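Shown next, in structure tokens, is the structure this report addresses.
Each residue takes its place number in the sequence, starting with 1. For clarity, every value in this text was computed on a predicted model and none was experimentally measured.
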Amino acid sequence: MPGRKDYEVRRQARIDRLEARAEKEAGQATAELKRSHDLVKDIPFGQPNIVGRPQLPRLRERSAAAMDRALVHDQKAAHYANRAEAAANNHAISGDDPNALDKLAAKLRALEAAQERDKARNAYYRKHKTMKGFPELSDTEAARVDAEIMTMPERLRRPVPAWCLSNRNAEINRLKKRMEALRAVDEMECVSIEFEGGRIVTNEEINRVQIIFDEKPDDDVRARLKSYGFRWAPSEGAWQTQRSPAALLRAKYICGVKDTDD
């Protein structure tokens with residue numbers, strides 16, 4: 001099964017890190033705001049410079065600078081809080097999720113069922129010129145749909161617009177292709193390929209194709225790695241990308257590895 005077993009743990013850890021960063025920035029904003037206030041709290045409002053207290057202009061400058069820093073920290077706190085919320089509410093199906101195939105299959109079934117239902121609605125309307133009597137609609141709902149249809153140009157009159165069916169069909173095809181790609185990943189063999197200066201590894205445990213160099217690659221090689229979707233992972237000591245047959249081919253190309261049948 002493609003994916004990585006620690007997917008949910010890593011997902012929650014990312015949310016926790018973002019929330020902790022937001023909390024830290026909010027705390028720093030509060031501290032800078034208090035500092036700004038404390039610097040000038042003993043100066044009466046509108047107080048001019050006082051002879052013998054040349055530090056007053058400097059205190060005002062420091063207070064204003066602290067207020068500016070408070071604003072910056074507050075903006076960062078909002079940024080990280082929004083990212084944490086987005087991560088928590090992100091229901092996109094990741095290739096790292098070990099249940100991705102099951103989730104994609106369930107989504108596909110729902111889309112296909114909706115497509116068949118909407119095609120049936122259009123076919124019923126073409127035949128009867130009304131939705132009254134359609135099995136899934138009450139007479140009240142059918143009357144509402146009929147009224148909406150009659151507001152459309154005659155050539156476009158149907159319960160479900162053609163663009164809706166077309167877009168859904170494209171999404172169905174996209175899901176099928178993605179499922180095929182994940183099955184191809186599931187069928188990959190674990191390999192370790194030596195090349196001059198390092199090795200390529202298909203790491204099934206973390207669902208990555210990794211390139212491990214004996215020495216730090218030069219700027220040109222690093223630029224090529226990035227352009228082909230590989231990123232440096234300090235925790236792994238490797239340049240890596242999500243595991244797939246295409247990713248393995250890219251790794252071989254970058255490292256000058258030729259297949260034996262070439």
Side-chain angles (χ1 to χ4, degrees), residues 1-15 83 86-119 163-195 198-213 221-233 235-262:
M1 182 67 68
R4 52 189 304 166
K5 294 178 181 179
D6 62 350
Y7 168 72
E8 288 295 343
V9 173
R10 287 169 58 85
R11 177 178 179 274
Q12 187 58 50
R14 180 171 181 269
I15 295 170
R83 286 183 59 188
N89 294 328
N90 182 9
H91 301 299
I93 301 172
S94 169
D96 276 340
D97 187 343
N99 298 313
L101 272 172
D102 291 338
K103 291 179 179 179
L104 289 171
K107 185 175 181 180
L108 178 62
R109 287 193 297 271
L111 287 173
E112 289 177 333
Q115 193 78 336
E116 291 306 312
R117 178 202 65 210
D118 288 346
K119 286 180 179 179
W163 61 263
C164 181
L165 295 174
S166 178
N167 288 352
R168 188 186 290 135
N169 196 52
E171 177 66 3
I172 287 171
N173 289 332
R174 186 190 69 82
L175 286 178
K176 288 180 177 178
K177 289 179 181 178
R178 189 165 178 216
M179 291 173 69
E180 288 175 5
L182 285 177
R183 291 189 185 102
V185 172
D186 198 21
E187 293 170 1
M188 289 180 68
E189 295 182 0
C190 292
V191 298
S192 179
I193 304 170
E194 302 288 336
F195 65 90
R199 72 183 189 278
I200 299 168
V201 177
T202 54
N203 191 327
E204 183 177 355
E205 183 177 348
I206 64 170
N207 198 35
R208 294 293 182 269
V209 171
Q210 300 178 312
I211 304 177
I212 303 170
F213 292 95
V221 173
R222 293 201 303 274
R224 195 182 317 146
L225 286 161
K226 292 176 183 177
S227 70
Y228 280 94
F230 285 83
R231 295 295 179 266
W232 172 246
S235 61
E236 294 289 329
W239 289 83
Q240 61 184 29
T241 192
Q242 197 168 78
R243 187 169 58 114
S244 72
L248 180 57
L249 287 175
R250 295 199 304 272
K252 289 180 179 180
Y253 175 76
I254 293 169
C255 301
V257 175
K258 293 186 178 293
D259 289 326
T260 54
D261 57 352
D262 287 352

I211 and F195, any side-chain heavy atoms less than 4.5 Å apart: yes

Qualifying residues under side-chain contact (heavy atoms from CB on, under 4.5 Å), relative to R231, sequence neighbours excluded: K226

Distance-minimising heavy-atom pair for S244 and M188: C-SD, 3.4 Å

Between CD on residue E194 and SG on residue C255, distance to nearest 0.5 Å: 11.0 Å

From CE (M179) to CG (D102), nearest 0.5 Å: 8.5 Å

V185 side chain near P245 side chain, heavy-atom distance below 4.5 Å: yes

Flag if over 12 foreign heavy atoms under 6.0 Å of CD, E205: no

Atom of I212, atom of G237 and distance for their closest heavy-atom approach: CG2-O, 3.9 Å

Non-neighbouring partners of K107 that pass salt bridge (Lys or Arg N to Asp or Glu O under 4.0 Å), sequence neighbours left out: E171

Heavy-atom pair of closest approach, residues T202 and C190: OG1-CA, 3.2 Å

Inter-residue atom distance N99.CG - E8.CD, 0.5 Å rounding: 8.0 Å

Residues that Q12 engages under side-chain contact (heavy atoms from CB on, under 4.5 Å), provided they are two or more places apart: I15, D16

Minimal non-hydrogen separation, Q210 against A238, with atom names: CB-CB, 3.9 Å

With sequence neighbours excluded, residues passing salt bridge (Lys or Arg N to Asp or Glu O under 4.0 Å) with R11: none

Side-chain touch I200/V209, heavy atoms, less than 4.5 angstrom: yes

L104 side, atom CG; R183 side, atom CZ - distance, nearest 0.5 Å: 9.0 Å

Non-hydrogen side-chain atoms of R168 and D118 separated by less than 4.5 Å: yes

Atom of A247, atom of Q242 and distance for their closest heavy-atom approach: CB-O, 3.5 Å

Identified salt bridge (Lys or Arg N to Asp or Glu O under 4.0 Å) counterpart of D96 within the set R208, R10, K5: R208

Any residue meeting side-chain contact (heavy atoms from CB on, under 4.5 Å) with R222, in chain and number order, not counting sequence neighbours: K216, P217, D219, W239

Atom pair CZ (R224) and CZ (R250), whose distance is rounded to the nearest 0.5 Å: 14.0 Å

Results of side-chain contact (heavy atoms from CB on, under 4.5 Å) for L249 - residues two or more places apart only: D259

Sole candidate of Q240, R243, R4 that passes side-chain hydrogen bond (donor to acceptor under 3.5 Å, both in side chains) when paired with N207: R243

R199 side, atom CZ; I193 side, atom CD1 - distance, nearest 0.5 Å: 12.0 Å

